[in-house]
Amino acid sequence: MAIWLTKDSKVIVQGMTGSEGSKHTRRMLAAGTNVVGGVNPRKAGTTVDFDGTELPVFASVADAMKDTGADVTVIFVPPQFTKGAVIEAVDAGIPLAVVITEGVPVHDTAAFWAYNVAKGEQTRIIGPNCPGIASPGASNAGIIPADITGAGRIGLVSKSGTLTYQMMYELRDIGFSTCVGIGGDPIIGTTHIDALAAFEADPDTDAIVMIGEIGGDAEERAAEFIKTNVTKPVVGYIAGFTAPPGKTMGHAGAIISGSAGTADAKQAALEAVGVRVGKTPTETARLMREIMSAG
């Protein structure tokens, strides 16, 4: 089993005919993802050949859902068009929208997130500026490499795409139920807490790796959630232990001010609720390996 993305998920790609959308559609198909079409109003009614697989192009998400039964969209459109693409997906009522695009203005993200809330949050938004979601051996929606790990019983939620890949590789011999890259922008859709709740409820996830980073208080809030809602073992890693105050480190949301948002503060909050925190990705993987080997 997996969370949010399974072997039965039917995936469409907004921006499938663009360079990035085309490249990663081909990748997703090669990984076994059930991609059923794409969306581009200017090319509606045409098809695109992906190494022998012909995929139709639709004028809208609603049209694609009506004709294919799609329940997941992966969004590969330029930043200036991302808000409109997400709002279109929300209006269509698609259950899952994975927003890969980076460089989306924060006010645009705030606007489409507020719009989704006003519509009753029928659509789960992952991202923006994220690598997507992968359930190894079942489906892959986004840009996460499909060949670095297999299916297993660890759940992974991470702000960082690169660290998502590294953790998947470090624990490849054990494997993962689902890996979720939530993105590191100041405003995102799905949070650590959302993923923790889903993994807690998933009978095929035995333990959870949570990767955070400096800046904001998402990890502290996740610690409070773990304290009262998560019974499964959680191992954590916080990127940015050596980051100087006042400097943005990679992600727009990864900035610390004084003692707020530091890696040390986040580590302390997590350890206070029983989460084992590694100082490096490799040490974090070792801690998880100890938990899994102990049964």
Measure the shortest side-chain to side-chain distance between [X] and [Y] over non-hydrogen atoms and say whether it is less than 4.5 angstrom.
X      : Y      : answer
Gln14  : Val61  : yes
Met210 : Leu196 : yes
Thr262 : Ile214 : no
Leu171 : Phe176 : yes
Met168 : Cys179 : yes
Val11  : Val36  : no
Thr73  : Val13  : no
Leu156 : Thr178 : no

Which value, rounded to the nearest 0.5 Å, describes the distance between Met167 atom CE and Thr282 atom OG1? 7.5 Å
Is there a side-chain contact (heavy atoms from CB on, under 4.5 Å) between Ile154 and Thr205? Walk through the geometry before answering. CA-CA 6 Å; Ile154 301 172; Thr205 296; over 6 Å; no
Test: salt bridge (Lys or Arg N to Asp or Glu O under 4.0 Å). Region: [range]. Which pairs qualify, not counting sequence neighbours?
range            : result
residues 285-295 : Asp173-Arg289, Arg276-Glu290, Glu283-Arg286, Arg286-Glu290
residues 115-135 : Asp91-Lys119, Arg124-Asp194
residues 99-108  : none
residues 217-232 : Lys159-Glu219, Asp217-Arg221, Glu219-Lys266, Glu220-Lys266

side-chain contact (heavy atoms from CB on, under 4.5 Å), that's the test. Do Val230 and Ile208 meet it? Break it down for me. CA-CA 10 Å; Val230 178; Ile208 305 164; 4.3 Å; yes
Indicate whether any N or O donor in one side chain lies under 3.5 Å from an N or O acceptor in the other, for Glu88 and Ser60.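 No, no side-chain donor-acceptor pair sits under 3.5 Å.
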Where is the tightest heavy-atom contact between [X] and [Y], given as atom of each residue plus distance?
X      : Y      : result
Glu200 : Thr231 : OE2-OG1, 2.6 Å
Cys130 : Gly181 : CB-O, 3.1 Å
Ile75  : Ala85  : CG2-CB, 4.0 Å
Tyr165 : Pro131 : OH-CB, 3.3 Å
Asp185 : Pro128 : OD2-CG, 3.8 Å

Worked check of side-chain contact (heavy atoms from CB on, under 4.5 Å) between Asn116 and Ile125: CA-CA 9 Å; Asn116 186 46; Ile125 299 171; 3.9 Å; yes
Going by ring-ring contact (aromatic ring centres under 6.0 Å, His included), name the pairs with one or both residues in [range], residues two or more places apart or in two chains.
range            : answer
residues 28-66   : none
residues 85-122  : none
residues 129-150 : none

Before giving the answer on side-chain contact (heavy atoms from CB on, under 4.5 Å), spell out for Lys83 and Val104 the whole-Å C-alpha distance, their side-chain angles and the decisive distance to 0.1 Å. CA-CA 8 Å; Lys83 181 175 78 171; Val104 179; over 6 Å; no
Tell me every residue that passes ring pair (Phe, Tyr, Trp, His ring centres under 6.0 Å) with His192, counting only those two or more places apart in sequence or in another chain. none
Asn40: what forms a side chain to side chain contact (heavy atoms under 4.5 Å, CB included) with it, not counting sequence neighbours?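 Listed in chain order: Thr17, Arg42, Lys43, Val57.
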Apart from Tyr169 itself, what residues make up its hydrophobic cluster when side-chain heavy atoms of I, L, V, M, F, W and Y under 4.5 Å apart count as a link, directly or indirectly? none
Looking at Val209, Val157, Ile226, which one forms a side-chain contact (heavy atoms from CB on, under 4.5 Å) with Val234? Ile226
Apply salt bridge (charged side-chain N to carboxylate O under 4.0 Å, His left out) to Lys23 and list each qualifying residue two or more places apart in sequence or on a separate chain.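 Lys23: salt bridge (charged side-chain N to carboxylate O under 4.0 Å, His left out) contacts with Glu20.
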Not counting sequence neighbours, which residues clear side chain to side chain donor-acceptor pair (under 3.5 Å) with Asp49? List them please. none
